[in-house]
> 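Here it is: the structure, laid out below.
Letters A, B, ... mirror the listed sequences (proteins, then strands); counts begin at 1.
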There are 2 protein chains.
Amino acid sequence: MKIATFNANSIRSRLPMLLQWLEDHQPDILGIQETKCQDEDFPLEAIRDAGFHVAFKGEKSYNGVALICKSEPQEVRFGFDDGGPADETRLIRAVVDGVSVVNTYVPQGRAIDHVMYKYKLGWYRRLKKMFEAEYSPDQPLAWIGDINIAVEPIDVNNPAGKKNDPCYHIDAHNAFLDVCSFGFTDLLRKHHPDEEIYSFFDYRVKNAVERNMGWRIDYVLTTASLTEKSLACDVDLEPRKMEKPSDHTFVVAEFEG
Amino acid sequence: MKIATFNANSIRSRLPMLLQWLEDHQPDILGIQETKCQDEDFPLEAIRDAGFHVAFKGEKSYNGVALICKSEPQEVRFGFDDGGPADETRLIRAVVDGVSVVNTYVPQGRAIDHVMYKYKLGWYRRLKKMFEAEYSPDQPLAWIGDINIAVEPIDVNNPAGKKNDPCYHIDAHNAFLDVCSFGFTDLLRKHHPDEEIYSFFDYRVKNAVERNMGWRIDYVLTTASLTEKSLACDVDLEPRKMEKPSDHTFVVAEFEG
DNA sequence: GTCATTGGCG
DNA sequence: CGCCAATGAC
């Protein structure tokens, strides 16, 4: 079984390469973030024609999430249900082949003194409550997506210079680690304890991929039963090197069975 | 000798295909219209590297003309010099290998009840005066470019429906024919008296090229001494069929010697 | 439909 | 740098 995540930065702009990637890698579950399109513009047919089911919710210009699956996703739900902003275009959940999947596009936060950063930290608290209320660490559960946090120094180029970045600030680290305490393991780090592997490279940094100047902010996190079956987890850098890439690339985890 | 014209609809967007076309066809003179770029952004070096001289004048977003030549163009001039609007980015003249060349991007006219249509008709009158004042029908002279008029019913798909189009209206026909009375021969029509051959296909018409639903609004017109040497004149439809084409394509005339 | 523009965003 | 949006031209 293969579970992957990809921030597409516009699924319409990335459709040709996405279809190629689906054909080449045949993931069982692929979570997409930043589809950046309204539901009526979503390239549903092309993805179905490639042999996949898909559930999605988007809006004009911003956000937008999708789950692309070999099997039909069950119990598809969008957003929070806790009385706060639902953020339905940032959170999609489903059950696929008996595995619960939560695909998130966590708010980036803008700046640590910005109201959106407070919102981001709150988003992690709400996420933890959701996991506690609706899931168990004993069940097969995968949390995937663009979580907009690099956790350890090894997860970002020049960590010392990023202390006040909303994606590397200490409060963000703690917020993320608190959700992980529910029972999640970061699969890429499990399989690559010491490697500077990044999943996002800012367009504005020249030759960022070649110079390996990026961030690891896209994750596949799993509870124990899945973690035990995990065989590998890697970033696929090839799509980031192609023509007209997303600024993010794919993180792919492979499991027994 | 080969003289050609091409409305590029952005020379920067069309640069790869233009360079390929230059390499393949090696024109002696190619007039470009709608370069749509300021002079500092003009892809001068790429064209020189392909083995051509080039003279050009453009502006941001709109208009822009160029002459791309095997030999260095002499006596290069831009625009009218009659006291009216010079329109320097719509008219370029030069002498190349002893042949006088006038490359025009005539105003489209918007609509027959629009002030720009009056301006277009006036433009043709100014053009005739320029030919009369500065050229002779006895000299080798080529008037090339996007003239934004289809002259005969055969020059446009569904002529009956185009009577009120600023590119097919009777006043436009007369304005154009009056300039031709200076001594110009329409070379494509000379070599193809009965064929529905078009040089422009609206992007908005689906499969316009395959259905041959277009306009002939790009011309190579010559005075007698050149007309006598003319061996062929054709529209090259291939560039219009490629990826990301201009809405216009090349008209190419071949001459003895 | 395909250019170009400006402006917002990350 | 490369998405998005809106607008204008043809």
> With the side chain of A/S13 defined as its heavy atoms from C-beta on, choose the nearest nucleotide among C/dC3, D/dC3, D/dC10.
D/dC3

> Given C/dC9, D/dC3, C/dT5, which nucleotide is nearest the side-chain atoms of A/R110?
C/dC9

> Counting side-chain heavy atoms from CB outward, which of D/dA5, D/dC1, C/dT5 is closest to A/Y203?
D/dC1

> Using a cut-off of less than 4.0 Å, is there contact between a side-chain N or O of A/K244 and OP1 or OP2 of D/dG2?
no

> Please state whether the rings of B/Y124 and B/W143 are parallel, tilted or perpendicular, taking 30° and 60° as the class boundaries.
perpendicular

> So, is B/S246 close to the C/dC3 phosphate, meaning a side-chain N or O under 4.0 Å from OP1 or OP2?
no

> Would you indicate whether B/E210, at its atom CD, is surrounded by more than 12 heavy atoms from other residues, nucleotides or ligands within a distance under 6.0 Å?
yes

> Can you identify which nucleotide, out of D/dG8, C/dT5, C/dG10, has its nearest atom closest to the B/Y62 side chain?
D/dG8

> Heavy-atom nearest nucleotide on DNA chain D for A/K206 versus B/F200: which residue maps closer to 5'?
A/K206

> If the plane angle is over 60° it's perpendicular, under 30° parallel, otherwise tilted; pick one for B/F250 and B/F6.
parallel

> Write down the distance between OH (A/Y117) and P (C/dG10), rounded to a whole number of angstrom.
15 Å

> What is the separation between atom CE on B/M17 and atom P on C/dT2, rounded to the nearest whole Å?
13 Å

> Atom CZ of B/R204 to atom P of D/dA9: distance rounded to whole Å?
13 Å

> Without decimals, in angstroms, what is the distance between B/K120 NZ and D/dC10 P?
10 Å

> If only side-chain N and O atoms of A/K60 are considered, is one of them under 4.0 Å from the OP1 or OP2 phosphate oxygen of D/dC3?
no

> C/dC3 P sits how many Å from B/Q33 CD, rounded?
17 Å

> Identify which nucleotide among C/dG10, C/dA4, D/dC10 has an atom closest to any side-chain atom of B/R90, counting heavy atoms from C-beta outward.
D/dC10

> Expressed as a whole number of angstroms, how long is the span from A/R12:CZ to D/dC3:P?
12 Å

> Provide, to the nearest angstrom, the distance between the CG atom belonging to B/N63 and the P atom belonging to C/dC3.
18 Å

> What is the minimum heavy-atom distance between A/E59 and A/T89, and which atoms define it?
OE2-OG1, 2.6 Å

> Does B/H25 use its side chain to pair, donor to acceptor, with the backbone of B/W21 at less than 3.5 Å?
yes

> So, is B/K36 near the phosphate of C/dT2, with a side-chain N or O under 4.0 Å from OP1 or OP2?
no

> Quick check on DNA chain D: between A/D202 and A/Q38, whose nearest nucleotide comes earlier from the 5' end?
A/D202

> Nearest to the side chain of B/Y105, heavy atoms from C-beta on, is which of D/dC10, D/dC1, D/dC4?
D/dC10

> Check this one for me: any side-chain N or O of B/R14 less than 4.0 Å away from OP1 or OP2 of C/dC3?
yes

> Side chains of A/N7 and A/E34 only: does a donor on one sit below 3.5 Å from an acceptor on the other?
yes

> Nearest whole Å is fine: how far is D/dC3 C1' from A/Q108 CD?
15 Å

